Every structure is written in C-alpha cells, then in structure tokens.
Amino acid sequence: MAKAALVTGGSSGIGLATARMLRDEGYGVTLVARTPERLAAAAAELDAHAVEGDIANEDDCERIVVEHRAHFARLDVLVNSAGVGVGARIGDLKTKHWDLQLDVNLRGAFLVTRFALPLLKESRGLVINLSSIAGMTAAPGLAAYGAAKAGLISLTRSLNAEHRDDGIRATAICPGFVDTPMAAWTGMTSEEMIQPQDCAEVVRALLRLSPQARIPEIVIERLGA
C-alpha cells in the first residue's frame, strides 16, 4: 500500500508546496484547509483527498484524522502547516487576536497530532511542525505569533521525548520570512524571501533519513536578514 500524508494548511504557501513534493514522492495526500474554493483547486491539481476544516475547532481536528483514515487507512507523514499571523505590539494586541494565533498555530497542531497518534504509531511516522524563526528570537509586533511558534517547538521536543520508543520522529522547521500571503505586510519582494519550495525541500531531505536519525529543529535563515 502506498504511503500517505496529511497536510493542514494545504491549499497554499508552504503547505501546498510540501503537499506537491509529497505527491511527487509517491505519497497519497490529504489536504486540509478552511476555504472551499482554494482547497478544491489544490486537491484537483494534486489529485489529493480534500477535507475542509478549521484547525481551531477540536471537532474538526478529530474529523480530519477520521476522514484521512477512512480514505487511506494509514498515516506516514503529518505536516502541521496551518497558521495565522496578526501583527501588533503587546500593548495594542487584542485578546481575540492572541487567542486566534494560539488556537491555530499551537493548539490546532497539538489536537491534530493527538488524534493522529494511533496511526503514527502504526507507521512509526514522521511529524513536521511548521514553526518560525519568530519562535526562537523576539520580534516587535509578533508577540502572540512568536509565543505560539515557540510553543510549537516545545511541543515538538515533547513529542520526540514521549514517543521515541514508538519510532515517531518530529521536526520543527523554523524559517524566516517566506513568500506567502501571510508575509505580504513586510513589503519585501518575492525575490527577497525564502520560497515555500525551500521548506518543501527540507521535508524531502527528512524523508531520506534512516529511521534512526532525527532532527528536532531546522532553522532556515533569509539571506541578508
């Protein structure tokens, strides 16, 4: 049976680039996103299984994994790529924007991973958490985003510590600004930013490792940053 991957935030940006790479590597892919039109277009391009869902909703997180299992019966690679960013300095940061970023960027990744653990144990699978360099160093205006991404790095470490005997390996990928709609506020051109395909290529390299090799964190710096 062909290997299978589940990619949240899979209709655009890093998620789509990673899903495209996984398809090219022969994986069956489940794409998860909130926007039906973009999800349908991405799934059609990749001949992927599409599941509409909101990662901030616990019931949706469980349903996503249930639908993936029903379609593929296995899970070898989980990519937690769904993310949201709202820039504001701490004194101006609205509570709803703090909650949103923690819910999507950290809580959602935790929930999907928790529901996926039985499948990941069966396959001795790989978990990719899309964190950020903002989770490793402070940036004005990114307090909530950085806190969520730092939490995601910590969650990755805990996953490795708790499930090494199950053969599960987790990696937090921490890029600088990537050429995605979320980074449009920076005013940088596409050529100045890391490309989504760069992140996908890092995941491809992780797929090539032996089962005994694990890389907990990978930082991708932007040239000239």
Side-chain angles (χ1 to χ4, degrees), residues 5 7-25 31 33 38 42 55 77-90 92-93 97-98 100-106 108-109 126-157 159-160 169-209 213-225:
V7 182
T8 70
S11 66
S12 65
I14 297 171
L16 179 57
T18 303
R20 189 177 288 121
M21 178 278 296
L22 288 164
R23 185 275 315 271
D24 292 345
E25 290 289 329
L31 292 181
R38 291 198 306 184
I55 299 301
V77 180
L78 170 61
V79 181
N80 288 308
S81 183
V84 62
V86 181
R89 297 179 72 88
I90 293 171
D92 301 318
L93 183 61
H97 291 154
W98 172 274
L100 174 65
Q101 292 175 89
L102 270 290
D103 283 350
V104 174
N105 299 338
L106 179 56
L126 178 66
V127 179
I128 305 296
N129 289 324
L130 263 300
S131 183
S132 169
I133 206 166
M136 308 186 80
T137 184
L142 296 180
Y145 185 79
K149 293 300 187 177
L152 191 54
I153 293 169
S154 180
L155 177 64
T156 303
R157 294 172 180 168
L159 185 62
N160 281 326
R169 296 170 296 158
T171 297
I173 299 178
C174 308
F177 288 120
V178 180
D179 184 19
T180 67
M182 194 185 299
W185 65 273
T186 65
M188 287 188 286
T189 65
S190 172
E191 292 74 17
E192 293 178 282
M193 289 189 276
I194 297 163
Q195 297 302 301
Q197 295 86 344
D198 295 326
C199 298
E201 287 303 318
V202 168
V203 178
R204 194 196 305 270
L206 292 171
L207 298 178
R208 302 279 194 264
L209 296 178
R214 182 178 72 198
I215 303 177
E217 297 151 20
I218 297 176
V219 176
I220 309 175
E221 292 184 338
R222 186 177 62 85
L223 189 65

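Below, all heavy atoms of this structure are taken into account, side chains as well, without hydrogens, waters or symmetry copies. Since the structure is predicted, the reported quantities are computational estimates derived from the model, not experimental observations.
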(message) Please enumerate all residues that pass salt bridge (charged side-chain N to carboxylate O under 4.0 Å, His left out) together with R20, with sequence neighbours excluded.
(response) E45

(request) Indicate the atoms forming the closest heavy-atom contact of L93 with V86, along with that distance. (result) CD1-O, 4.4 Å

(request) Please tell me if the side chains of L159 and T156 come closer than 4.5 Å, counting only heavy atoms from C-beta onward. (result) no

(message) For the CD1 atom of I128 and the OG1 atom of T171, what is their distance to the nearest 0.5 Å?
(response) 4.5 Å

(request) Taking all non-hydrogen atoms of both residues into account, name the closest pair between Q101 and A148 and its distance. (result) O-CB, 3.7 Å

(request) Just jot down the side chain to side chain donor-acceptor pair (under 3.5 Å) partners of S81, sequence neighbours excluded, or say none. (result) none

(message) Checking A19 now: which residues fulfil side-chain contact (heavy atoms from CB on, under 4.5 Å) with it, not counting sequence neighbours?
(response) V7, V29, L31, L46

(message) If you define the side chain from C-beta out and look only at heavy atoms, does anything of L207 sit under 4.5 Å from L126?
(response) yes

(request) Could you tell me which residues satisfy side-chain contact (heavy atoms from CB on, under 4.5 Å) with A213, sequence neighbours excluded, listed by chain and number? (result) L209, S210

(message) Which residue in the set L130, I14, V127 passes side-chain contact (heavy atoms from CB on, under 4.5 Å) when paired with V79?
(response) L130

(message) Just verifying a value: how many Å separate I218 CD1 and I173 CD1, rounded to the nearest 0.5 Å?
(response) 5.5 Å

(message) Rounded at 0.5 Å granularity, tell me how far CG in L100 sits from CG in N105.
(response) 7.5 Å

Can you give the donor-acceptor pairs under 3.5 Å from side chains of residues 195-203 to other protein atoms, not counting sequence neighbours?
residue, atom, partner, partner atom, Å
Q195, NE2, S190, O, 2.9
Q195, NE2, M193, O, 3.1
D198, OD2, Q195, N, 2.9
E201, OE1, R204, NE, 3.0
E201, OE2, R204, NE, 3.3
E201, OE2, R204, NH2, 2.8

(message) Ignoring hydrogens, what is the shortest heavy-atom contact between G176 and I133? Give both atom names and the distance.
(response) CA-CG2, 3.6 Å

(request) Of all the heavy-atom pairs spanning R222 and I194, show the shortest one and how long it is. (result) N-CD1, 3.8 Å

(message) Quick one: does any side-chain atom of N160 pair with a main-chain N or O of A170 as donor and acceptor, under 3.5 Å?
(response) yes

(message) Restricting to side-chain contact (heavy atoms from CB on, under 4.5 Å), what partner residues turn up for A134, sequence neighbours left out?
(response) S132, L142, Y145

(message) Can you give me the closest heavy-atom contact between A109 and L152, atom names plus distance?
(response) CB-CD1, 3.7 Å

(request) Find the distance between CG (L206) and CZ (R214) and round it off to the nearest 0.5 Å. (result) 12.5 Å

(request) Please identify each residue that fulfils side-chain contact (heavy atoms from CB on, under 4.5 Å) with I153, with sequence neighbours left out. (result) S131, M136, R157, A172, C174, E217

(request) Could you grab the distance from atom CD1 of I215 to atom CZ of R169, nearest 0.5 Å is fine? (result) 9.0 Å

(message) Which residues pass the side chain to side chain donor-acceptor pair (under 3.5 Å) test with R208, not counting sequence neighbours?
(response) E25

